[in-house]
Amino acid sequence: MTVAPETARPREAAVPPPLAARARTVGGSPVRDILAVTARPEVINFAGGLPAPDVFDRAGVAAAFRYVLDELPAQALQYATTEGEPALRGLLAARYTARGLATDADDLLVTTGSQQALSLLAGALLDPGDTVLVEEPCYLAALQVFGLAGARVLAVPGDADGPDPDALAGLVTRERPKLLYTVPTFQNPTGRTLPADRRAALAAVAARHGLWIVEDDPYGELRYEGERVPWIAAHDDARDRTVLLGSFSKVMAPGLRLGWLRAPAELRRACAVAKQAADLHTPTVNQLAAARYLTEYDLDAHVARVAGVYRERRDAMLAALPGALPEGSTWNRPEGGMFLWARLPEPYDTTALLPRVVAENVAYVPGAPFYAGTPDPATLRLCFVTQTPEEITEGLRRLGRGLLGG
């Protein structure tokens with residue numbers, strides 16, 4: 001009797017090890033999911049947080065890239081230091097200093113978008129189970145970062161001006177969190193801005209109780225009206241415990257994927273080590289092109305032009321909202337940025353209503369995913385910068401038809 005060799009017997013393959021628990025429990029971005037569903041060209045999409053491509057300085061950016069590739073090819077196409085190109089960091093430091101926040105080049109770490117800065121901070125500061133405090137509602141991708149880090153995320157109660165300092169102090173005493181994350185200027189998703197006295201109070205709580213503040217500022221330069229409010233990082237109470245994040249995504253181009261963080265030395269060094277493990281460094285050619293642009297072109301003048309366009313689009317949305325939303329709805333008037341936050345009267349549920357609205361070839365983002373705590377199902381976020389005023393007016397007409405059924 002002949003027996004087949006062991007290797008000839010069919011065997012059932014072993015199941016591979018499971019995904020990490022954090023990968024199984026943290027979901028994808030509802031905003032990205034909505035954009036995938038509404039990518040048809042006939043859809044007027046208020047769901048994305050996309051800068052308007054018609055205001056990109058295509059000629060200036062292209063010229064900057066041509067220069068570095070023609071004149072600095074060996075440097076532009078080579079590896080670079082983890083901390084970032086010295087020329088770019090020096091120019092960024094000068095911009096901060098000119099706005100009242102004394103900054104040296106060595107205070108900055110260049111990142112691949114400010115989203116990476118958040119991930120680096122999570123890696124440097126958070127152990128699984130650590131507590132993070134956020135505003136309510138909160139930037140969605142920050143909730144994803146903290147969730148992937150295994151953090152326990154709690155919302156700080158607040159009002160129309162943002163997190164309440166007394167509530168923050170109580171939470172810090174009870175929960176012993178590592179950090180507070182906030183977007184204080186033209187916040188995503190609400191568009192609100194924390195007043196100066198509220199910022200000072202948050203800084204005082206952080207100093208009194210021992211707390212990192214992560215101040216995310218991707219929209220602050222896009223101001224259309226009102227006076228600039230100083231950064232939390234500029235307060236004496238917060239100088240040694242605030243990480244300030246910045247980005248070129250909203251003022252130059254998101255495709256450059258250029259951001260940075262300004263942090264005290266020990267934390268900045270820890271983030272540099274985390275970045276070495278992530279991508280070694282941010283693309284050299286992009287950094288040098290951005291530095292060339294800052295040297296040869298007037299970024300402030302460009303931002304002023306962008307803000308003028310965005311203000312017209314915000315005003316078009318504000319003018320058309322009363323006819324688009326149900327009676328009893330409320331919304332804010334942002335002084336800048338890209339987003340407007342609205343709340344429909346009960347019992348409207350913006351998640352349940354979204355398919356009906358998309359059927360009218362228009363889209364928004366329901367507010368529920370932006371909450372770390374109990375969501376408000378009647379809220380929604382509208383991005384007003386990507387479309388022209390005429391498209392905004394038509395989009396809100398479709399929105400009204402979808403919400404009101406007529």
Side-chain angles (χ1 to χ4, degrees), residues 31-32 34-62 185-192 218-226 247-256 297-325 329 331-342 350 353-354 356-367 380-404:
V31 177
R32 298 291 173 181
I34 291 169
L35 291 177
V37 171
T38 60
R40 304 188 314 275
E42 65 269 24
V43 175
I44 296 177
N45 203 326
F46 301 132
L50 306 179
D54 55 303
V55 299
F56 294 158
D57 184 1
R58 289 171 287 183
V61 172
T185 306
F186 314 138
Q187 192 231 21
N188 181 359
T190 65
R192 71 189 176 201
Y219 311 104
E221 295 200 51
L222 296 175
R223 176 171 286 280
Y224 321 144
E225 59 188 50
S247 173
F248 282 138
S249 290
K250 309 305 186 293
V251 297
M252 196 178 290
L256 292 173
Y297 298 89
D298 188 340
L299 179 61
D300 293 331
H302 171 68
V303 170
R305 288 191 293 271
V306 173
V309 172
Y310 287 1
R311 177 174 182 162
E312 289 182 0
R313 297 178 182 190
R314 179 208 61 179
D315 291 347
M317 180 165 281
L318 289 171
L321 274 175
L325 301 186
S329 299
W331 55 88
N332 63 339
R333 178 190 173 89
E335 293 183 335
M338 299 171 56
F339 304 108
L340 184 148
W341 187 251
T350 59
L353 284 167
L354 184 60
R356 198 166 84 186
V357 168
V358 171
E360 298 290 343
N361 289 325
V362 66
Y364 57 78
V365 181
L380 60 94
R381 188 193 77 176
L382 297 167
C383 178
F384 53 79
V385 304
T386 314
Q387 284 79 28
T388 66
E390 295 75 21
E391 290 169 335
I392 289 170
T393 301
E394 170 60 19
L396 289 178
R397 187 182 67 80
R398 298 179 189 180
L399 177 63
R401 195 164 61 224
L403 290 176
L404 304 174

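Between the Tyr364 side chain and the Thr350 main chain, a donor and an acceptor come within less than 3.5 Å of each other. Remark: the backbone N or O of Pro334 is not paired with any side-chain donor or acceptor of Asn332 at under 3.5 angstrom.
In this structure Thr393 satisfies the side chain to side chain contact (heavy atoms under 4.5 Å, CB included) test with no other residue, sequence neighbours excluded. Residues satisfying the side-chain hydrogen bond (donor to acceptor under 3.5 Å, both in side chains) test with Tyr310, not counting sequence neighbours, are none. Under the side-chain hydrogen bond (donor to acceptor under 3.5 Å, both in side chains) criterion, Glu221 pairs with Arg95, sequence neighbours left out. Qualifying side-chain hydrogen bond (donor to acceptor under 3.5 Å, both in side chains) partners for Arg192, counting only residues two or more places apart in sequence or in other chains: none. With sequence neighbours left out, Glu390 forms a salt bridge (Lys or Arg N to Asp or Glu O under 4.0 Å) with no residue at all.
Ring orientation note: the planes of Phe186 and Tyr224 are close to parallel, at an angle under 30° on the 30°/60° scale.
The environment of CZ in Arg58 is sparse: at most 12 heavy-atom neighbours from other residues, nucleotides or ligands sit within 6.0 Å.
Salt-bridge formation is detected for the pair Arg398/Glu394: a Lys NZ or Arg NE/NH1/NH2 atom is positioned less than 4.0 Å from an Asp or Glu carboxylate oxygen.
In this structure the side chain of Leu399 reaches within 4.5 angstrom of the side chain of Val357, judged on heavy atoms. Counting heavy atoms from C-beta on, the side chains of Glu391 and Thr386 never come closer than 4.5 Å. The shortest side-chain heavy-atom distance between Arg333 and Arg314 falls under the 4.5 Å cut-off. In this structure, the side chains of Asn188 and Met338 stay at 4.5 Å or more apart for every pair of heavy atoms. The shortest distance between side-chain heavy atoms of Leu318 and Leu340 falls below 4.5 Å. For the pair Leu222 and Val306, the minimum side-chain heavy-atom distance is below 4.5 Å.
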Kindly list each side-chain donor-acceptor pair under 3.5 angstrom involving residues 46-57, sequence neighbours excluded, with atom names and distances?
residue : atom : partner : partner atom : Å
Asp54   : OD2  : Arg313  : NH2          : 2.8
Asp57   : OD1  : Gly60   : N            : 3.0
Asp57   : OD2  : Tyr293  : OH           : 2.5

